[in-house]
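So that the names make sense, note that chain A is the first sequence line, chain B the second, and so on, each numbered from 1.
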Amino acid sequence: MEMNMPPKPKRSSKKLVKRFIISISLVALYLWTFLSINDIIKWDRVFSERTITNFDRVIPKLFSPDYASFGKVMEKMVETLFIAYAGSLMAAILAVPFAFLAASNMVRNKFLNTLGKWILNAVRTFPEIMLALIFVAAIGPNAFAGVLAIGLHSIGMLGKLYSEVIESIDMHVVEAMEANGANKIQILFYGIIPQVIPEFLSYAIYRFEIDVRASTILGIIGAGGIGTLIVISVANRNWNEVGMILLVIIVVVTIIDYLSAFIRKRIV
Amino acid sequence: GTNNEEGANNGGNNGGGESGGETPEKIIMGFVPSQDSDEIAGTVEPLAKQLEEEIGIPVEGKVMTNYSALVEAMGSNQVQIGFLPAFGYVLAHQKHGVEVILKSERHGSDTYRAQYVVRADSGIENLEDLEGKVWAVPDLTSTSGFLFPAAQIMDKFDVKDVQTEFFSDTIQAGGHDNAVISVLEGDADVATTFDDARTTIEEDYPEVMDKTKVIGYTEDIPNDTISVTKELSDDLQKKIKEAFLSFNDNEDMIKIMNEVYSWDAIREANNDEYKVVADTYEKFKDTITLD
Amino acid sequence: MIEFKDVSLVYPNGTQGLKNVNTNIKEGEFVVIVGLSGAGKSTFIRSINRLVTPTSGQLLVEDENILAYKGKSMRKLRTKVGMIFQNYNLVKRSTVMKNVISGRLGHTGTFKSIFNLYPKEDFALAYESLKRVNIEEKVYSRADQLSGGQQQRVSIARVLTQQPKIILADEPVASLDPPTSHQVMKYLKQINREDKITTIVNLHFIDMAMEYADRIIGMRAGEVVFDGPASEVTEQTFEEIYGRKIREDDIRGGKEEDEQHS
Amino acid sequence: MIEFKDVSLVYPNGTQGLKNVNTNIKEGEFVVIVGLSGAGKSTFIRSINRLVTPTSGQLLVEDENILAYKGKSMRKLRTKVGMIFQNYNLVKRSTVMKNVISGRLGHTGTFKSIFNLYPKEDFALAYESLKRVNIEEKVYSRADQLSGGQQQRVSIARVLTQQPKIILADEPVASLDPPTSHQVMKYLKQINREDKITTIVNLHFIDMAMEYADRIIGMRAGEVVFDGPASEVTEQTFEEIYGRKIREDDIRGGKEEDEQHS
Amino acid sequence: MSSTPNVTSKTPTSVVSGKTKARMTAILSVIIGFYLWSSFETDSFITNFDAEFWTNTWNMVIQLFPPNWNYAQVVWPKLIETIHMAIIATTIAAILCIPLSLLAANNIVTSKFLYNIVKAFLNILRTIPDIILAVIFVGLFGIGVFPGILALIIFSLGILAKLISETIEAIDNNPLEAIRASGGNTLQVIWYAVVPQILPQFVSFTLYVFEINIRASVVLGLVGAGGIGLLLQQQINFLAYQNVFTLIVIVFVVVVIIDYISNKLREGLL
Ligand SMILES: Nc1ncnc2c1ncn2[C@@H]1O[C@H](COP(=O)(O)OP(=O)(O)OP(=O)(O)O)[C@@H](O)[C@H]1O
Ligand SMILES: Nc1ncnc2c1ncn2[C@@H]1O[C@H](COP(=O)(O)OP(=O)(O)OP(=O)(O)O)[C@@H](O)[C@H]1O
Ligand SMILES: [Mg+2]
Ligand SMILES: [Mg+2]
């Protein structure tokens with residue numbers, strides 16, 4: 001059998017140029033990053049003897065949690081959970097209309113579409129801490145301010161995820177409904193919602209997990225949750241208590257993770 | 001304001017309304033633990049309980065570690081009593097007309113000072129020597145850590161921008177303790193902190209007292225405040241004031257306050273005492289640049 | 001009943017989906033369209049219920065030109081025309097009943113349908129339809145728990161529930177294995193006979209077409225190249241439809257067939 | 001060459017995939033396995049390269065019992081045995097060349113293969129294989145840009161590049177239309193003849209099986225119920241394999257066939 | 001119509017079976033029950049949205065306007081620092097996540113033990129809020145960019161490894177089988193069958209995490225872990241909301257740009 005070598009692959013020059021530009025910019029980006037970050041990070045300080053003694057001092061304490069503060073920590077953790085639950089549920093519902101607006105297969109108007117996407121993006125960029133500040137000013141330093149901050153912020157992310165779910169549904173089904181004379185609203189309830197509901201729920205639960213973590217920060221400005229405790233025990237260098245907080249968060253969030261994974265599996 | 005205790009009560013959870021002088025159904029008391037103290041409290045519960053007993057209105061205590069939310073919440077009268085640090089109070093007074101009624105006494109004084117900490121072997125002896133050195137600031141919004149020392153240097157050496165014209169570099173250390181630590185470790189030449197922040201890290205850094213020294217102090221800074229919103233009726237303000245003052249005679253409360261907030265006593269106060277902070281802030285209002 | 005008068009369709013990208021198609025399908029006929037991939041079979045079928053809109057010519061359904069239809073009149077047309085798809089197009093996560101009853105959406109008010117407030121008769125009709133394709137015991141199963149053949153039967157039941165005058169089926173058996181294919185085709189044929197519903201089916205295999213069709217329409221590149229009863233199909237026809245001489249390969253299992261039956 | 005000695009396989013869930021299978025496949029044979037869905041055809045084939053492991057009996061390949069193989073010896077077995085799958089199993093996003101050359105992985109060191117450092121001959125061999133299935137002009141296309149038939153030809157080229165002694169093909173044409181199916185079967189047959197590679201193919205359609213097979217093995221419920229040359233297949237055989245009388249439906253396009261050829 | 005439907009007692013009258021209906025009702029009641037409970041615990045009542053709420057919110061919101069563009073010049077250096085932090089953290093996390101996510105994919109790792117260990121480790125990693133990570137690293141390394149980067153690495157590693165390992169678990173296993181059937185070893189299977197399949201998602205998830213990191217650094221600055229959050233905290237402390245808003249707008253623009261670039265890259269890859 002005579003052996004022929006395959007022809008060399010042809011690459012369009014346009015593609016080559018594109019690749020070249022991308023590579024160059026990547027290299028430049030990294031050079032720039034590493035050169036300037038070296039100025040900012042004081043390496044000799046990061047890896048000083050002090051760091052080693054810090055490790056000796058902090059790490060053992062982190063791993064011997066202060067069990068005496070369990071009650072206090074748990075109480076705040078439970079509050080955090082409530083905030084996260086109320087906030088995510090609120091977001092799970094309010095995100096739906098935005099998601100439909102932002103889904104390109106639902107709203108054919110490109111302008112509205114982009115508008116929807118931008119709203120969601122903008123909401124997401126607003127730091128929770130600033131939202132919480134606004135709501136604390138509006139209704140006082142209580143958990144509800146935290147719920148609103150978490151909820152509003154979550155609408156951004158859930159809306160985006162939802163809209164992606166909607167964009168990925170089987171449009172043939174929609175076509176089939178169209179073909180038997182259903183109107184838009186009927187199509188929505190018979191063709192679209194059954195397809196998206198499990199994913200919606202699953203994302204909402206997933207968002208709840210994230211919100212549990214996110215609401216830890218709210219305490220800093222008095223909007224409830226475990227955040228105040230964290231900041232105060234760190235400021236007091238009470239690493240045992242930080243250890244306890246860490247432990248409680250890990251355990252509680254892990255339990256939630258498992259529960260939600262279990263529920264999500266049953267939904268889809 | 002006049003007393004119209006029945007009239008202005010709009011029945012809402014948190015009171016509200018702009019009519020000066022009212023008695024809400026419930027009082028919210030916000031507490032920002034002072035960064036300028038050695039122990040930072042995580043609860044305001046005992047105080048709230050005691051106060052509730054004295055004034056006969058339900059009091060709910062809230063702790064937050066950042067005063068801005070408290071200032072704004074007082075601005076919208078969602079919070080009626082605020083334990084505000086001096087600088088926070090000044091902002092709250094200017095923006096929302098919040099009034100100071102009381103202040104804390106610590107270590108026998110109703111004021112405290114900021115100090116300049118340098119390494120003992122640095123050869124720096126006085127403020128003049130600081131020119132061109134690296135400055136560790138706990139936080140640009142700290143009264144003792146930044147505002148007062150900066151003002152002092154500004155006046156003394158007639159510079160406009162202390163951070164760049166006088167010092168060669170400024171590090172934001174993120175806390176009084178961290179500022180001292182960065183001096184200790186040689187990252188900075190001088191740290192400005194409250195007097196004496198070094199004790200807070202003594203447990204972790206036993207050598208700190210020997211290896212560093214204090215080369216100067218600023219003028220006196222008034223201690224943290226207990227302030228109330230302008231919407232509270234004079235009568236109620238008075239009641240609150242008296243209730244707090246009565247804690248001074250209550251051994252248990254003194255003990256709690258000392259343990260939890262390192263307060264020795266509560267003293268009467270008025271806005272004039274905080275004018276010095278307001279003036280200092282005025283100097284910086286437009287010139288504080290970051291980095 | 002359905003009349004194509006010089007119908008052409010050009011897709012936005014310039015592809016000619018239909019080219020001067022003229023044909024007339026009578027009530028109760030069972031017509032099978034055959035042709036290579038891309039010949040325009042789907043385009044032909046989908047024009048009839050206006051899932052695509054021809055760009056020129058006239059398309060009459062029950063003597064009305066449907067090309068002018070819009071909004072409400074279009075929905076009304078579609079309630080008259082049932083459609084069966086290659087991939088069944090069931091809502092996978094809904095129950096069989098919900099899928100089948102959705103055939104009545106065009107007959108039901110929006111509000112009622114959203115809250116599942118169908119009249120008893122509709123449920124009965126849906127159940128009846130399921131029975132006709134022998135799948136009534138799956139009424140509360142989720143559609144994705146069914147095999148392909150079962151799903152296609154559900155989609156037939158959905159169309160039956162719609163009580164249409166015309167059934168369109170776009171390659172209804174392309175995803176099914178031969179025995180199941182025959183089963184599905186038989187149900188279609190049976191319904192066509194019993195209910196006198198005009199039925200138009202796209203098929204890939206000419207042999208299966210000949211087994212069921214009253215009439216075969218052969219298409220190629222958007223044009224009708226053959227139109228006549230199954231019995232008139234000749235080698236010539238093949239050439240026209242496939243654009244080359246017939247080869248044994250065109251039919252699954254060519255020559256051994258004869259040995260088989262001998 | 002390949003000998004099943006009382007081979008049985010019970011899946012972990014209790015399904016009996018194979019039941020006391022005894023058979024002997026000789027070098028260079030072209031064997032087609034037929035049977036209903038679930039009859040155990042795939043299990044049979046996949047036992048030979050140990051993608052599944054029989055639970056009892058002995059399976060000899062070139063006189064060695066492969067059931068004891070592990071790790072390295074198993075990989076060595078697999079380099080000798082090429083496999084073609086129903087869904088082609090190409091890496092869709094890789095080029096045709098990368099897919100085909102991956103047939104040589106078993107012959108190439110890990111390091112070399114990761115950095116594409118194949119010897120020149122391997123590239124030449126891969127290209128040659130592509131030529132043999134007439135698809136060499138697609139060498140640098142991405143696999144997902146090819147049609148089903150082309151993808152299956154690429155997967156044949158991959159197997160050829162592997163230079164195996166045995167080729168297993170698990171329903172290689174089930175996803176293809178009839179003309180393409182025949183094309184693919186013809187390539188397989190041609191390779192079997194030219195290179196003397198023992199070839200075992202699973203098929204759904206008994207008619208196509210008879211067209212290409214030297215020998216047919218019929219399976220039912222994990223058991224071999226027929227084993228003999230294609231010419232010996234009778235109605236009786238059908239009954240055994242399908243468990244009932246033969247019906248016209250079992251062959252795509254039954255009766256009209258005869259009219260066709262007349 | 002040949003057969004008029006006859007309504008009998010057997011005729012179904014709903015679209016789901018009674019059992020399903022009961023289950024759905026139960027689930028819904030649980031969800032709502034929990035909601036009522038947490039509403040109660042957090043004082044979240046619709047009655048809170050009274051006129052006062054809206055005036056107060058409005059009073060806060062108008063203070064954000066107009067953004068103070070003079071402040072932008074102060075933001076730049078910190079913004080660049082933030083971007084650098086995010087680039088480094090994302091890169092390192094992306095590299096570290098490769099072995100971890102392979103080990104946490106059940107179609108690659110056959111040892112159930114190893115799989116569970118890695119999975120548990122990743123789960124624990126993900127439970128820790130970014131703010132706590134930052135606080136601890138600041139405690140260990142002192143204030144600055146370095147602890148911030150560490151916190152971001154750990155934080156994004158958890159997310160990335162989970163996403164990637166789930167992608168790996170969802171890939172088409174057939175090509176893996178094909179490579180295995182032609183005698184490839186595990187590494188070859190990964191390189192030839194797994195990598196090409198997950199590459200687009202890998203890139204797009206990495207870019208997604210990059211975006212998350214930019215947003216996260218807004219939070220990290222609050223506890224002294226460098227980046228733009230430091231400015232946010234200061235401006236909030238000065239009650240300078242116009243500056244805060246400037247900051248938010250700038251971050252928004254950066255995120256939108258990243259989003260745009262990553263969409264382009266994704267399109268190029270798929
Ligand atoms: N939406 C569309 N936009 C552009 N071209 C299209 C569109 N739909 C179909 N086409 C093209 O129109 C021609 C006819 O397509 P059609 O789907 O009607 O063929 P078909 O006979 O049904 O083929 P198949 O057997 O593959 O389903 C083809 O060339 C096809 O590529
Ligand atoms: N991994 C598995 N675990 C459990 N049971 C299996 C597994 N794979 C196959 N089976 C069962 O073993 C029996 C034989 O399956 P096999 O795939 O060999 O059949 P087949 O003849 O190839 O069928 P098909 O035509 O559908 O491919 C079937 O009942 C099948 O359900
Ligand atoms: Mg078609
Ligand atoms: Mg099989």
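When all heavy atoms of C:V91 and A:V173 are compared, the pair lying nearest together is CG2-CG1, 3.2 Å. What you find for C:Q162 and A:A179 is that their closest heavy atoms are NE2-O, 4.2 Å.
Counting heavy atoms of neighbouring residues, nucleotides and ligands inside a 6.0 Å radius, atom CZ of C:F85 exceeds 12 of them. Environment of CD in C:E27: sparse, with no more than 12 heavy atoms of neighbouring residues, nucleotides or ligands closer than 6.0 Å. Around OH of C:Y11, the count of heavy atoms belonging to other residues, nucleotides or ligands within 6.0 Å exceeds 12. Atom NZ of C:K165 has 12 or fewer neighbouring heavy atoms from other residues, nucleotides or ligands inside a 6.0 Å radius.
Counting heavy atoms from C-beta outward, A:Y190 and C:I101 have side chains that approach closer than 4.5 Å.
Within the 4.5 angstrom heavy-atom criterion, no atom of C:R50 approaches chain A. The contact between C:R46 and chain A is made entirely by side chain atoms (from C-beta outward), counting heavy-atom distances below 4.5 Å.
The CG atom of A:N180 sits 9.5 Å away from the OG1 atom of C:T161 when rounded to the nearest 0.5 Å. Note that CD1 of C:I114 and CG of A:L188 are 7.5 Å apart. Values are rounded to the nearest 0.5 Å. Taken from CG in A:D170 to NZ in C:K92, the straight-line distance is 6.0 Å, to the nearest 0.5 Å. Rounded to the nearest 0.5 Å, atoms CG (C:N49) and CD (A:E175) are 8.5 Å apart.
By number of non-hydrogen pairs under 4.5 angstrom with chain C, the leading residue of A:M177, A:H172, A:Q186 is A:Q186. If you tally non-hydrogen atom pairs under 4.5 Å between each of C:L51, C:L90, C:V159 and chain A, the highest count goes to C:L51. Among C:P164, C:G106, C:G82, C:S94, the residue making the largest number of heavy-atom pairs under 4.5 Å with chain A is C:G106.
Residues of residues 69-81 of chain C having a heavy atom under 4.5 Å from any heavy atom of chain A, listed by number: C:R75, C:R78, C:T79, C:V81.
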